[in-house]
> 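If you scroll down you'll find the structure; I have some questions about it.
Residue numbers run from 1 in the order of the sequence given.
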Amino acid sequence: MTKVKRNFKDSLFRLVFHGKEELLSLYNAVNGSSYTNADDLEINTLEDVVYMGMKNDVSFLFAHYLNLYEAQSTSNPNMPLRGTIYFGDLIKGWVESNHLDMYSEKQIMIPKPKFLVFYNGLKKEPERKILRLSDSFEGGQDEEAALECTAIMLNINYGYNRELMAKCQTLHDYSYFVETVRQGVRAGKTLEEAVDEAISKSLKEGVLKDLLKKNRSEVRNVVLTEYNEELHLKNVRECGYEEGYDNGYDSGYGSGLDQGRIQNQIELVIKKVRKGQSLEQIADALETSEDQLKEIYEAVVKAAPEYDLERIKEELKIKNR
């Protein structure tokens with residue numbers, strides 16, 4: 001498998017929504033508006049701004065709003081902090097480009113900042129969530145704090161926010177394509193095979209049709225260069241399972257086993273189910289019973305209670321019998 005970074009959905013988002021028509025459709029969907037003139041939309045994404053190794057996704061001026069749209073494949077509570085820094089650069093550039101004088105006695109009017117985060121990671125999140133800069137203030141929020149930045153996080157995993165998806169076909173197609181790639185990898189295909197099949201399936205079904213017809217190789221390269229399911233699952237385990245090793249196992253499963261052995265068993269289970277092996281086959285390979293294997297799975301569940309367990313079950317292909 002190609003050794004690459006995990007965040008392909010972020011840059012794929014930039015590729016899918018790089019045009020004014022696509023952005024206007026998304027803007028209308030999230031705002032309940034019905035604007036039709038995409039030429040009134042001014043894209044002002046700062047292409048040379050990189051934060052923690054990733055470029056910001058899309059920013060644009062429209063209808064008196066300075067809009068910042070970010071796609072995230074991990075749940076990141078620091079998005080308002082990132083937004084504060086990014087909005088500062090955007091507004092500074094806007095003031096300079098309009099030759100405005102901040103030292104004038106006349107008040108300068110600026111576009112209203114609006115920040116949306118489009119999330120489609122594996123951690124369980126609500127369909128809509130408010131993130132605030134003030135949540136990260138030391139000592140908590142108070143009325144004396146001089147600064148605030150609010151981000152609205154929307155869960156765009158396939159199957160979530162159906163009403164929003166129905167209003168924006170491109171967003172629906174983006175979510176569907178990402179899920180199709182995931183399904184291919186979960187079925188045991190290589191990343192290359194999963195991407196190629198997802199592209200072929202999408203073209204056949206009319207999903208992202210125009211983009212894929214014109215930029216099929218670019219979409220493929222974006223995915224292959226910036227996504228690695230294996231690393232993604234590793235990150236999920238590191239975030240959620242480490243606490244479970246300290247808390248979950250001591251309270252139930254594995255009283256007679258050492259913690260390292262439990263961890264090794266879980267790693268083996270994950271590898272084998274990703275190859276498409278059945279519960280019975282895995283139990284035979286590990287020389288354990290299916291009941292004990294189910295206990296291992298329950299330990300995984302205890303280790304990561306904050307994750308969407310149904311999605312974890314789907315990842316591991318372990319079904320209750």
Side-chain angles (χ1 to χ4, degrees), residues 7 9-11 13-14 17 23-24 26-33 35 40-121 123-156 161 164 171 235 239 306:
N7 58 316
K9 294 176 290 298
D10 301 348
S11 292
F13 185 91
R14 286 167 57 90
F17 289 101
L23 273 179
L24 182 59
L26 184 56
Y27 179 93
N28 282 333
V30 296
N31 290 286
S33 54
Y35 292 105
D40 290 341
L41 187 149
E42 179 185 343
I43 297 174
N44 62 350
T45 308
L46 301 179
E47 295 295 336
D48 59 341
V49 174
V50 178
Y51 184 83
M52 294 182 68
M54 292 187 296
K55 287 186 177 181
N56 289 278
D57 284 316
V58 181
S59 61
F60 60 98
L61 286 161
F62 187 73
H64 305 296
Y65 284 100
L66 175 56
N67 302 276
L68 175 58
Y69 288 0
E70 289 281 338
Q72 287 291 299
S73 55
T74 57
S75 182
N76 187 345
N78 298 306
M79 294 306 293
L81 177 58
R82 290 177 57 176
T84 300
I85 297 170
Y86 196 66
F87 275 126
D89 287 338
L90 283 172
I91 293 173
K92 180 175 181 291
W94 186 87
V95 168
E96 292 175 351
S97 65
N98 285 277
H99 308 290
L100 300 175
D101 182 7
M102 290 186 290
Y103 302 98
S104 170
E105 293 184 359
K106 183 180 179 181
Q107 185 172 27
I108 293 176
M109 305 303 292
I110 63 174
K112 289 179 281 188
K114 196 165 189 176
F115 190 10
L116 292 179
V117 177
F118 297 91
Y119 167 79
N120 66 345
K123 183 177 179 181
K124 186 175 182 180
E125 291 289 359
E127 293 200 331
R128 181 185 175 93
K129 182 178 181 180
I130 305 298
L131 306 175
R132 293 182 174 84
L133 178 67
S134 56
D135 290 335
S136 61
F137 291 164
E138 291 186 354
Q141 303 180 24
D142 59 55
E143 295 180 357
E144 296 181 1
L147 195 62
E148 180 64 287
C149 180
T150 302
I152 300 173
M153 188 176 81
L154 300 174
N155 190 336
I156 59 167
N161 273 304
L164 175 62
L171 184 64
N235 288 340
C239 290
E306 73 275 26

> Could you pull out all residues at least two apart from T84 that satisfy side chain to side chain donor-acceptor pair (under 3.5 Å)?
none

> What distance do M109 atom CE and L100 atom CG have between them, rounded to the nearest 0.5 Å?
11.5 Å

> Which atom names give the shortest non-hydrogen contact between T150 and F115, and what distance separates them?
O-CB, 3.6 Å

> Does the side-chain contact (heavy atoms from CB on, under 4.5 Å) test come out yes or no for M79 and E70, once each step is laid out?
CA-CA 9 Å; M79 294 306 293; E70 289 281 338; 3.8 Å; yes

> Is there a donor-acceptor pair under 3.5 Å between the side chain of Q72 and the backbone N or O of G121?
no

> Taking atom CG of L23 and atom CG of N28, what is their separation to the nearest 0.5 Å?
11.0 Å

> Quick check against the 3.5 Å criterion: does N120 have a side-chain atom that pairs as donor or acceptor with the backbone of I156?
no

> Just to verify, what does E127 make a side chain to side chain donor-acceptor pair (under 3.5 Å) with, not counting sequence neighbours?
none

> If the condition is side-chain contact (heavy atoms from CB on, under 4.5 Å), which residues does I91 pass it with, not counting sequence neighbours?
L66, V95, I110, P113

> When rounded to the nearest 0.5 angstrom, what distance separates CG in L81 from CG in L147?
9.5 Å

> Could you check whether any side-chain heavy atom of T45 comes within less than 4.5 Å of a side-chain heavy atom of Y69, counting everything from C-beta outward?
no

> Can you name the closest pair of heavy atoms from A151 and P80 and give their distance?
CB-CG, 4.4 Å

> Indicate yes or no for a side-chain donor-acceptor contact from S59 to the backbone of N44 under 3.5 Å, with no hydrogens or angles considered.
yes

> How long is the straight-line distance from CZ of R132 back to CZ of F137, given to the nearest 0.5 Å?
12.0 Å

> Looking only at heavy atoms, what is the nearest atom pair of N161 and N155, with distance?
ND2-O, 2.8 Å

> Is the shortest heavy-atom distance from the side chain of F62 to the side chain of L24 under 4.5 Å?
yes

> A side-chain contact here means heavy atoms from C-beta on lying under 4.5 Å apart; do D40 and Y35 qualify?
no

> By ring pair (Phe, Tyr, Trp, His ring centres under 6.0 Å), which residues pair with Y65, not counting sequence neighbours?
none

> Can you name the side-chain contact (heavy atoms from CB on, under 4.5 Å) partners of S75, sequence neighbours left out?
Y119, K123, E125

> What's the separation between atom CZ in F17 and atom CD1 in I43, rounded to the nearest 0.5 Å?
12.0 Å

> Is the distance from the ring center of F118 to that of F13 below 6.0 Å?
yes

> Out of curiosity, I152 CD1 to R128 CZ, how far, rounded to the nearest 0.5 Å?
4.0 Å

> Is there any salt bridge (Lys or Arg N to Asp or Glu O under 4.0 Å) pair reaching into residues 92-115, and which pairs are they, with sequence neighbours excluded?
K92-E96

